[in-house]
Structure formats: structure tokens, C-alpha cells
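Each remark here refers to the structure printed beneath this line.
Both counts, for ligands and for their atoms, begin at 1 and track the order of listing.
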Amino acid sequence: MRVTELESYLASRRQLVQEALEKSLPPAESYPPAIHQAMRYSLFAGGKRLRPILVLAAGESAGSPPEPLLPAACAVELIHTYSLIHDDLPAMDNDDYRRGRPTCHKVFGEAIALLAGDALLTQAFAVLSQVPAGIPPAKVLQAIGELATAAGSQGMIGGQVVDMEAEGRPATLEIVNYIHTHKTGSLIRACLRLGGILSGAGEEQLAVLTRYGENLGLAFQITDDILDIEGDFTRMGKKGGMDVARGKATYPACLGLKKAREIARELCAEAQSLALSLGPAAEPLFLLAGYVLNRQG
Ligand code: GRG
């Protein structure tokens, strides 16, 4: 697969994910419609679907077709969407725009937005608990445990708490690393592990996928820090410059833009060499590391 083919790979995987996500939630008119409309509003607001695609690409590297991995791919995107809804609430970052349109609470009100996030989180586990044909139930159980831990107080939520606590204070690189590897990195790492576990990857293969996920997760958040300074609203779908305005603990704040860029490049190069070590079936993972480094939104 050449770099020019990455776009068609992304498009084909996005299509599969989109169709599966459609079926993962009750229809908008299901009673009570207010909650289902809010859940669908945020889920179908045009995200990149990077995390579900990483689940599929990790599975592909271990020889699995995409279909049996779709419940896990959807589960991760449901959790990601819930985290965005809650992060945008007035009690947290108080953002008006996400994915290029008004945030969930701006449209549906705070109470429904809070509940839409809760409902997406719980629905994620209902979806993941469906056992696809050909996947041993024990592997699904393992995946459920991994995703719950990654999203919980020692994963994504822990990262969010330290992110809030660090606001407006001079942050050490150690604190920034904790925030980035937990708030953002935990879920991305879980994507790689879920794809591997559900595809029957061996111990060594899973260890490589995990390290790839750790490198990519940190690189993803560093590029997000950089885009918050350099990106524009049209591409990012949200207002830029907010990290500086809020005194957030970021890589550029700690080390400067140049060093932040250099570290993101090194992390993606390391992810690419890990992908290469997995052989030709990991080519999408190789290209996805380049995509994360060069993304504009
Ligand atoms: C509030 C429960 C809770 C958790 C908060 C993930 C998170 C932790 C907050 C979301 C806000 C944020 C800036 C997280 C950092 C991760 C990140 C860059 C999210 C945006 O991900 P993209 O760019 O978004 O993949 P799309 O819209 O493309 O899916």
C-alpha cells in the first residue's frame, strides 16, 4: 500500500465503521427521543474515526478481517464521543464548538448532554459484549476488562483529573506525560490491544502493538497541542488557542514548539519501525503513524 492509497484505506474503513455505528445506537425517534437524538448528534458529527480504524488495522496486522472487530471498533468510538461531550461541558472546558458544530450541551442543554455521555459510555459495553462469530468469548471478556480500565480512573479519567488540576500552574514534563499518556494515550493504546486480543495475536505481537499504541497515543496528543497553537477552526472543528488561554499543561508550554515537533516526529518514527517489524499486514499501521504526525485537524 502506498501513501496515496492511505486515503482510500481510510475511506473504506470509515464506511464500515459508519455503518456499524449506525446500528450501534437506537434510532433517533426511539423513546425517549431527546436522549437518542443527542447521542446521535454527537456521534455523527463528523469525527475522523481514527480510534476505530486503529482497532481494525491492529486486527488486520494479526490476520483478522475487519467485520468481527467492528463491535470493538464501535465501542471505542462511543467512549471517545462520550469523553468529548463531557469535556465540553461548562463544568470542564466549557467549549461552544466541537467537530465544527455547536457542542452537545449548546443544542440539547447540560442535563441531556451529561446523560448522552453516560448513555454512550454504557452502550459501548453493551456493544462490545456481543460475541462475534469466530471470536472466543474469553477474548471478548478480556477486551471488556481492558477497555473499562483504559477509560477509567487509572486511564482516561485519571488523565483528565490531572489535566484539570494542572491548569494555570507551571507543569513539569512528568506531569504533562502523565496527562497525555492517560487522557489521550490510554484509549489509543486500548485500540491496538483490543484489535490484537480479538484477532488472537500472540504475546510478542501484542507487546509490539501495545508499544506502537503508546508511541502513537503520545504523538497524537503532542500534535493536538501543536494544532491548538497553529491549526485553524475549519480544519480542527473547534476554537484554537484555548490551551494557552486556559494555562493548560502541554508539550509546547513545557518544551517549546520546536522540541515538541521533534518529539512527535521521533514517536511516530518509532511507531513506524514497530509496524515494520510486524510485517506486510501491518502496512496500514505504518501509514497511520505518518497520518497522525502530519494531520491538520
Ligand atoms: C471528560 C470523561 C472525560 C474525559 C476527558 C479524552 C478526554 C478526556 C477529553 C476530550 C478532550 C480532549 C482534547 C482530549 C484529548 C484527546 C483528543 C485530541 C481528542 C480529539 O480527538 P480527535 O482529534 O477527534 O480524534 P475526532 O473529532 O476526529 O474524533
Side-chain angles (χ1 to χ4, degrees), residues 10 13-14 17-18 21 41-55 73-74 76-101 103-105 110 113-122 124 147-148 150-167 176 178-191 216-229 231 233-243 245-246 248-251 264 288 291-297:
L10 289 174
R13 293 303 181 265
R14 273 188 193 126
V17 168
Q18 198 68 9
L21 284 172
Y41 174 82
S42 289
L43 186 63
F44 297 110
K48 294 183 286 297
R49 310 304 193 206
L50 174 68
R51 292 158 190 78
I53 293 173
L54 284 169
V55 174
C74 288
V76 171
E77 188 68 9
L78 294 172
I79 291 184
H80 169 59
T81 305
Y82 124 73
S83 79
L84 299 180
I85 295 176
H86 281 196
D87 188 64
D88 290 335
L89 285 168
M92 299 219 187
D93 274 357
N94 194 15
D95 274 313
D96 294 348
Y97 287 94
R98 169 71 65 182
R99 291 174 164 173
R101 45 180 181 162
T103 43
C104 194
H105 66 272
E110 272 179 57
L114 191 69
L115 292 169
D118 294 341
L120 286 165
L121 172 61
T122 44
L147 187 56
S153 60
Q154 293 191 304
M156 183 176 76
I157 300 236
Q160 177 75 352
V161 170
V162 178
D163 179 83
M164 283 159 38
E165 288 173 349
E167 230 174 84
V176 178
Y178 180 90
I179 294 169
H180 286 20
T181 55
H182 289 73
K183 182 179 85 167
T184 310
S186 287
L187 201 57
I188 291 184
R189 177 182 186 269
C191 294
L216 197 78
L218 181 53
F220 184 86
Q221 185 54 53
I222 297 175
T223 58
D224 201 70
D225 293 350
I226 296 170
L227 283 170
D228 189 73
I229 297 170
F233 180 90
T234 322
R235 283 178 171 153
M236 291 198 302
K238 60 177 182 176
K239 213 168 147 197
M242 296 312 285
D243 290 345
R246 292 179 181 131
K248 287 272 188 191
T250 66
Y251 257 70
L288 283 163
Y291 169 79
V292 162
L293 182 66
N294 297 312
R295 73 197 182 94
Q296 300 294 318

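- For atom 14 (C) of ligand 1, the nearest protein heavy atom (residue, atom name, distance) is K183 CE, 3.9 Å.
- The only option from R49, K48, R51 that meets the salt bridge (Lys or Arg N to Asp or Glu O under 4.0 Å) definition with E77 turns out to be R49.
- Atom 27 (O) of ligand 1 has as its closest protein heavy atom R99 NE, 2.7 Å.
- Partners of F44 under the ring-ring contact (aromatic ring centres under 6.0 Å, His included) rule, at least two apart in sequence or in another chain, do not exist in this structure.
- Nearest to atom 23 (O) of ligand 1 among the protein's heavy atoms is K48 NZ, 2.5 Å.
- Note: Y178 and H182 have parallel aromatic rings, judged against thresholds of 30 and 60 degrees for the angle between ring planes.
- Using a 4.0 Å cutoff on heavy atoms, L50 does not count as a contact of ligand 1.
- In terms of protein heavy atoms, atom 4 (C) of ligand 1 is closest to S83 CB, 3.7 Å.
- Of the heavy atoms in M92, only side-chain atoms (C-beta onward) come closer than 4.0 Å to ligand 1.
- Against a heavy-atom cut-off of under 4.0 Å, G47 is close to the following atoms of ligand 1: 26 (P), 27 (O), 28 (O), 29 (O).
- Nearest to atom 12 (C) of ligand 1 among the protein's heavy atoms is D87 OD2, 4.1 Å.
- Of all the listed residues (I157, T184, I85), T184 holds the heavy atom that lies closest to atom 16 (C) of ligand 1.
- Summary of contacts: the protein heavy atom closest to atom 25 (O) of ligand 1 is R51 NH1, 2.7 Å.
- Closest of all the heavy-atom pairs between A113 and I85 is O-CG2, 3.3 Å.
- Listed by number with element, the atoms of ligand 1 under 4.0 angstrom from any heavy atom of Q221 are 15 (C), 16 (C), 18 (C).
- Under the rule for a salt bridge (Lys or Arg N to Asp or Glu O under 4.0 Å), E165 has no partner lying at least two apart in sequence or in another chain.
- For Q154, the CD atom sits in a loose shell: 12 or fewer heavy atoms of surrounding residues, nucleotides or ligands are nearer than 6.0 Å.
- For ligand 1, the atoms lying closer than 4.0 Å to a non-hydrogen atom of M156 are 6 (C), 8 (C).
- Of the candidates D95, D163, D228, R246 forms a salt bridge (Lys or Arg N to Asp or Glu O under 4.0 Å) with just one, namely D95.
- In the vicinity of H86, heavy-atom distances shorter than 4.0 Å reach the ligand 1 atoms 1 (C).
- In terms of polar-atom proximity, defined here as any N/O pair under 3.5 Å, R49 makes no such contact with ligand 1.
- The protein heavy atom nearest to atom 2 (C) of ligand 1 is Y82 OH, 3.2 Å.
- Between Q160 and ligand 1, no pair of N/O atoms sits closer than 3.5 Å.
- In terms of protein heavy atoms, atom 20 (C) of ligand 1 is closest to H80 CE1, 3.9 Å.
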